[in-house]
Amino acid sequence: MRPFSCHGPPGLESSPVSHTSLAPDQQGAIDDLIARTGVIGRLGALFAAAGHELYLVGGSVRDVLLGHLVNDLDFTTSARPAATEKLLKKVADHVWDVGREFGTITARIADETAPGGHWLIEVTTFRADAYRSDSRKPEVQFGDSIADDLVRRDFTVNAMALDVSRSPIRAAEAFVDPHDGLSDLAARRLMTPFPPERSFSDDPLRMMRAARFASQLGFTPADEVTAAMTAMADRIEIISAERVRDELSRLLLTDHPALGLDLLCTTGIADHVLPELPALRLEVDEHHRHKDVYQHSLIVLQQAIDLEQQRGHQPDLINRLAALLHDIGKPATRRFENDGRVSFHHHDVVGAKLVRKRLKALRFSADQVKAVSTLVELHLRFHGYSDGLSAEQGGWTDSAVRRYVRDAGDQLERLHMLTRSDCTTRNQRKAQRLRRAYDDLEARIADLASKEELDAMRPDLDGTQIMELLDLEPGPLVGQAYRHLLELRVEHGPLGVERATAELRAWWRSQQQLG
């Protein structure tokens, strides 16, 4: 590194920082970004004219140097939030100030050249936050320079900036890299600007971010980073459940989350935020009579991600949580049988209960908890179908297929993906048999759906009709009658109004006799 003076607009004093020399191709990438992305130059000129510094910063700079760009751009500035908001309103279609207390103003700027037709701009005042050892959040303090701001960032590869308030903007002069992030970027290494112990003490959530970036970027934490994560793993407990949930979700939504999840487990952080995951590392007997459940779960997760892409879905948090956690009931249900086999009876039901407990503790929404626990509870149901086919029994009856669809409800497509992903056998004949069986089941479902309304399976009579026919007021008896007709619908398919009415009256007579 070599020092240079980071010049802001005329009349402003800036703290000395350092920068690392860019390679010609890196200079070219940044210069091309500036040339193609007019919004950067326009914002830089706007802030400079008002007497403020403005820097493209963090992930935006890192991603350009890695050769890709998304439609959100992060900036940091010497301007205070009120001044930033005033400036952005001159050029933006919409401005949000929900992050004002943290110095952040967000804006959307329409631009046909942008991915998606607009830029999402986030501008944050220089920060120089203070931390207390017992605090979950920093005490927000605004800084006076880009040097103050970059030193407080999580990793050196996110502590690079580009001075866009100078004119013209040329990468060779505008690139700011006081912590040699460029070298770490080239080495695909995660290192902190401060010593890791201080950085993670200031904000323990950075340890989970290290895992996320390991997955997102394919980078390896420096040895001292991993050592600090291991030594300080219990400090993650001062972080709120909501922040842990959000960081875990971001990790799971990367293309290869197994890398980061494994880092959380090996450093001991998962013991504090998702203990059910490392608990899956059951010992494997020398005869390999049962799977390594932990590695199996990571493989299932990756296969579920691959299926999302193959089946045309966007990254799906519910799908990924279910794939990762589908076997978490196994440690509690493991039994060694007399013949030497290992069994996990009812691990689906136990696992669903554990999922509900853990996801509630992490403050996932009620709908997310319900969806994931439903998938975990149903993930073994298909094996009854495949076993029937392999025994040449013809698989399930139509009523069994209907029950499968009914119980899955709006999670049917995710259940398809989870069940298919759960096949990790190396036995190719067995794997092909399971694939054929599930192809057959999906074909059966599609065939029944073409004849019946499987995706909205309801009785032939609704609640209002039931009350009119039986002369009932709203109450528990109406619900019982509805469930009886639904069960008949599942067992026999559509009955028609006439037969459903007769079945309802027969059921009602039997209830009166019992009463």
Side-chain angles (χ1 to χ4, degrees), residues 8-9 12 14 37-63 69-132 135-154 158-159 161-165 202-203 205-206 209 239-247 249-250 363 365:
L12 287 178
S14 300
T37 312
V39 68
I40 295 176
R42 291 200 306 273
L43 287 174
L46 181 68
F47 276 73
H52 302 297
E53 298 173 71
L54 185 70
Y55 295 83
L56 187 69
V57 73
S60 297
V61 176
R62 178 199 71 218
D63 288 346
L69 177 68
V70 292
N71 71 328
D72 51 334
L73 299 173
D74 295 334
F75 296 86
T76 187
T77 182
S78 59
R80 293 303 192 252
T84 296
E85 182 179 20
K86 183 178 179 180
L87 290 169
L88 288 176
K89 283 183 175 179
K90 294 181 179 181
V91 295
D93 308 296
H94 193 80
V95 176
W96 297 269
D97 67 348
V98 291
R100 178 185 293 272
E101 64 178 305
F102 302 105
T104 300
I105 305 295
T106 305
R108 184 183 61 222
I109 300 176
D111 185 343
E112 293 181 357
T113 67
H118 69 274
W119 298 106
L120 194 62
I121 305 296
E122 189 170 281
V123 183
T124 302
T125 301
F126 293 154
R127 293 269 293 270
D129 298 338
Y131 292 85
R132 290 168 34 191
S135 174
R136 294 177 174 181
K137 296 181 180 179
E139 296 176 1
V140 176
Q141 295 180 6
F142 295 142
D144 297 318
S145 70
I146 186 64
D148 292 340
D149 185 89
L150 295 181
V151 75
R152 58 164 286 278
R153 293 183 177 263
D154 50 10
N158 296 328
L162 191 71
D163 183 355
V164 299
S165 50
D202 282 349
D203 185 359
L205 194 65
R206 289 171 177 164
R209 283 199 210 113
I239 300 298
S240 68
E242 291 82 0
R243 292 183 73 204
V244 168
R245 173 203 64 205
D246 291 346
E247 196 57 52
S249 298
R250 293 186 187 103
R363 304 291 193 270
S365 72

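Only this structure's heavy atoms are used, side chains among them; waters, hydrogens and symmetry mates stay out.
The distance from atom CG of Asn158 to atom OG of Ser60, rounded to the nearest 0.5 Å, is 10.0 Å. Separating the CD atom in Glu85 from the NZ atom in Lys90 is a distance of 13.0 Å, to the nearest 0.5 Å. Note: Leu87 CG to Thr77 OG1 = 8.0 Å, rounded to the nearest 0.5 Å. Atom CZ of Arg42 is separated from atom CH2 of Trp119 by 10.0 Å, given to the nearest 0.5 angstrom. Rounding to the nearest 0.5 Å gives a distance of 10.5 Å between CG of Leu56 and CG of Asp163. To the nearest 0.5 angstrom, Asp203 atom CG is 8.5 Å from Asp154 atom CG.
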For this session: Determine, step by step, whether Phe75 and Val57 satisfy the side chain to side chain contact (heavy atoms under 4.5 Å, CB included) criterion, reporting the C-alpha distance in whole Å, the side-chain angles of both residues, the deciding distance to 0.1 Å, and the verdict.
Result: CA-CA 5 Å; Phe75 296 86; Val57 73; 5.6 Å; no
For this session: For Leu43 and Val164, run side chain to side chain contact (heavy atoms under 4.5 Å, CB included): C-alpha distance rounded to whole Å, both residues' side-chain angles, the deciding distance at 0.1 Å, then the answer.
Result: CA-CA 8 Å; Leu43 287 174; Val164 299; 5.9 Å; no
For this session: Check the pair Thr106 / Val98 against side chain to side chain contact (heavy atoms under 4.5 Å, CB included), numbers first and verdict last.
Result: CA-CA 8 Å; Thr106 305; Val98 291; 5.6 Å; no
Problem set entry | side chain to side chain contact (heavy atoms under 4.5 Å, CB included) between Glu122 and Thr104, worked out | CA-CA 7 Å; Glu122 189 170 281; Thr104 300; 3.3 Å; yes
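A distance-only check finds a donor-acceptor pair linking the side chain of Thr76 to the backbone of Thr124 [under 3.5 Å]. At least one donor-acceptor pair closer than 3.5 Å links the side chain of Asp149 to the backbone N or O of Arg127. Judged by distance alone, with hydrogens and angles left aside, the side-chain atoms of Ser165 form no donor-acceptor pair with the main-chain N or O of Glu53 at under 3.5 Å.
Applying the salt bridge (charged side-chain N to carboxylate O under 4.0 Å, His left out) test to pairs two or more places apart or on separate chains, none has a residue in residues 105-120.
Looking at residues two or more places apart in sequence or on another chain, you find a salt bridge (Lys or Arg N to Asp or Glu O under 4.0 Å) between Arg363 and Glu242. Residues passing the side chain to side chain donor-acceptor pair (under 3.5 Å) test with Arg245: none are found, sequence neighbours excluded.
Two residues are said to be in side-chain contact when any heavy atoms from C-beta on lie closer than 4.5 Å; Phe47 and Ser78 fail this criterion.
Nearest heavy-atom pair across Val151 and Asp148 is CG1-O, 3.3 Å. Residues Ala159 and Leu150 share a closest heavy-atom pair of O-CD1, 3.5 Å. Closest approach of Ala107 and Leu88 over heavy atoms only: CB-CD1, 4.1 Å. Across all their heavy atoms, Val61 and Ala161 have their closest contact at CG2-CA, 4.1 Å. Scanning both residues, Pro81 and Ile105, for their nearest heavy atoms gives O-CG1, 3.7 Å.
Taking the six-membered ring where the residue is Trp, Phe126 and Tyr55 present tilted rings, their angle falling between 30° and 60°.
Look at Glu247 and Arg243 and you find no salt bridge, because none of the NZ, NE, NH1 or NH2 atoms lies under 4.0 Å from a carboxylate O.
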